[in-house]
Visitor: 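I'd like to ask you about the structure that follows.
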Amino acid sequence: MAVGKIELVPIKTRILTDKDDIVEIIESYGRDIVGKNDIVSVAESVVAITQGRIVRPEELQPCFLAKVLSRFVPQKGSLASYYGMQAAMDAEGKWRVFFAMVVGMLAKLVGISGVFYRLAGKQAALIDDVTGTMPPFDKHIVYGPQDPDGVAEQIKARLGCYGAAVADVNDLKRAAILGTSTGLDPQQLSRILIDNPFGNASQMTPIVVIKNYAMAERAVQG
Amino acid sequence: MELLVSFFIFICALVLIIGMFIIYQGNEKVCFLVQDRTTFKLEQLTADKAVFSCLIPFTNRTGQDGTVMDAFPRHLLPQEQFDEVEVKSTLTLADNPREDGYWEALILLGNTSSLAILTVTLTAKNGNISTTIQRMVDMPIEIYYQVVGRTNWHINKDRIVMSYQEIMAALDKGVNVQRQEAI
């Protein structure tokens with residue numbers, strides 16, 4: 001696709017909380033910007049926050065297994081603390097995470113990486129430990145969003161745009177598309193969002209409109 | 001039976017290895033180095049208010065990262081001892097200062113240090129800080145900080161004393177600087 005014809009427009013919002021409805025917020029801030037040829041992408045952590053998928057470490061009671069397994073996660077990882085690991089166990093199941101850890105370790109011994117996160121479930125990979133988001137959620141563990149495909153469909157239906165996506169993008173050239181409305185190519189969107197147009201503090205510009213996506217797609221196809 | 005004994009020995013060895021790994025890995029050791037703080041200096045002087053600040057280094061003494069989830073000062077000036085000023089104290093990062101008294105959680109990497117700014121505002125209840133401060137007393141300030149690393153989160157506390165002599169010295173020095181700047 002000719003990415004050059006596409007324009008990325010970040011939309012600044014106020015700080016969003018679990019009192020907000022992400023679809024209403026996008027409609028409120030993006031009504032005059034989003035057109036029928038555009039795709040609306042929204043940062044996954046903000047979707048999760050508006051869904052109330054946050055917890056303070058003080059509210060968790062880490063089990064023995066969480067305390068032991070967290071020791072085997074490199075310290076830069078969100079599951080390296082008792083609380084991050086407990087959050088993953090609460091979301092995906094204690095024994096699933098344990099099984100994934102054992103298999104992941106064995107796989108690493110033979111040079112295969114990433115097995116733990118593939119087996120432990122989506123939430124294990126999506127959890128952000130404290131400091132992962134802006135104040136006032138810097139002291140919270142933030143889970144991944146629930147039903148990102150459904151959220152994307154709701155955004156598309158409400159805004160009347162070409163499509164919508166929920167994305168997990170960072171400054172390390174990593175862009176994962178967690179959910180899309182029907183018919184969108186996640187890999188294509190990932191390439192478009194790779195430079196993190198959400199900015200470093202994605203909570204202030206949690207929405208990025210990919211302008212003219214449909215036109216560019218039609219031009220490529222025909 | 002032999003198989004059972006072998007299995008038991010294997011489990012014991014595994015537990016021992018994991019235990020030794022955890023001990024070897026260790027945990028963060030974040031602490032505020034209150035003994036290495038700078039002396040207070042006068043930041044602002046108005047008719048009713050004097051604002052002082054000092055820098056307090058904090059460090060992580062091990063190779064394990066520590067997250068400073070929260071940090072705040074608690075000044076101790078009971079009315080029985082001195083009832084002529086209202087005190088406000090805040091703590092913020094020196095390289096990312098905030099004015100709202102909110103401590104933004106940060107990861108302090110292993111074997112690294114950083115600096116916090118402690119700001120103390122004394123407001124005279126009678127509206128005249130210049131005379132009121134002459135009767136000020138030594139004021140302890142406790143620094144509370146909540147840290148999480150490889151173990152349970154915990155709250156530590158360290159203590160400094162903002163002494164009368166230090167307040168007077170900072171005031172004199174600050175006033176002299178203000179005079180020279182005015183000239």
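Reminder, nothing fancy here: chain letters follow the sequence lines and each chain counts from 1. All values derive from a computational prediction rather than experimental measurement. Both backbone and side-chain heavy atoms feed into the values below; hydrogens, waters and symmetry mates do not.
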Visitor: Sort by residue number and list every member of residues 97-127 of chain A having a non-hydrogen atom under 4.5 Å from chain B.
Guide: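 Listed by number, there are no contacting residues, so the answer is none.
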Visitor: Answer yes or no: are there more than 12 heavy-atom neighbours, outside A:Arg191 itself, under 6.0 Å from its atom CZ?
Guide: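 Yes, enclosed.
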Visitor: For each of B:Gln146, B:Glu104, B:Arg150, tally heavy-atom pairs with chain A at distances under 4.5 Å, and name the one with the top tally.
Guide: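 The candidate making the most pairs under 4.5 Å is B:Arg150.
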Visitor: Does CZ in B:Arg74 sit with more than 12 non-hydrogen atoms of other residues, nucleotides or ligands closer than 6.0 Å?
Guide: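 Incorrect, the count does not exceed 12.
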Visitor: Taking CD in B:Gln81 as the centre, count heavy atoms belonging to other residues, nucleotides or ligands within less than 6.0 Å. Is the count above 12?
Guide: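 Yes, the 6.0 Å shell around CD holds more than 12 heavy atoms from other groups.
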Visitor: Where is the tightest heavy-atom contact between A:Arg71 and B:Gly26, given as atom of each residue plus distance?
Guide: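 The answer is NH1-O, 2.7 Å.
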Visitor: Just wondering, are more than 12 heavy atoms of other shown residues or ligands nearer than 6.0 Å to CD1 in B:Ile11?
Guide: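 More than 12 within 6.0 Å, yes.
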Visitor: Which of the residues B:Asp65, B:Leu106, B:Ile22 is involved in the greatest number of heavy-atom pairs with chain A at under 4.5 angstrom?
Guide: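 Max contact count across the listed options: B:Asp65.
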Visitor: Around B:Arg98, counting heavy atoms of other residues, nucleotides and ligands shown, do more than 12 lie under 6.0 Å from its CZ?
Guide: yes
Visitor: For B:Tyr102 and A:Lys139, what are the C-alpha separation, side-chain angles and deciding distance, and is it a side chain to side chain contact (heavy atoms under 4.5 Å, CB included)?
Guide: CA-CA 11 Å; B:Tyr102 185 91; A:Lys139 301 177 201 310; 3.6 Å; yes
Visitor: Flag yes if more than 12 heavy atoms outside B:Lys125 fall under 6.0 Å of its NZ atom; otherwise flag no.
Guide: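 Enclosed.
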Visitor: Can you say whether B:Gln64 sits under 4.5 Å from chain A via the side chain, the backbone, both, or neither, judging by heavy atoms?
Guide: both
Visitor: Taking atom CD of B:Gln165 as the centre, does the number of heavy atoms from other residues, nucleotides or ligands within less than 6.0 Å exceed 12?
Guide: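 Enclosed: over 12 neighbouring heavy atoms sit under 6.0 Å from CD of B:Gln165.
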Visitor: Between B:Ile107 and chain A, which part of the residue has a heavy atom less than 4.5 Å away: side chain, backbone, both or neither?
Guide: both
Visitor: Let me know if A:Lys67 has heavy atoms under 4.5 Å from chain B in its side chain, its backbone, both or neither.
Guide: side chain
Visitor: Considering only heavy atoms, give the residues of residues 73-88 of chain A separated from chain B by less than 4.5 Å, sorted numerically, with 'none' for an empty result.
Guide: A:Val73, A:Pro74, A:Gln75, A:Lys76, A:Ala80, A:Ser81, A:Tyr82, A:Tyr83
Visitor: Looking only at heavy atoms, which two atoms of A:Pro62 and B:Asn152 are closest? And how far apart?
Guide: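 For A:Pro62 versus B:Asn152, the nearest heavy atoms are CG-OD1, 4.4 Å.
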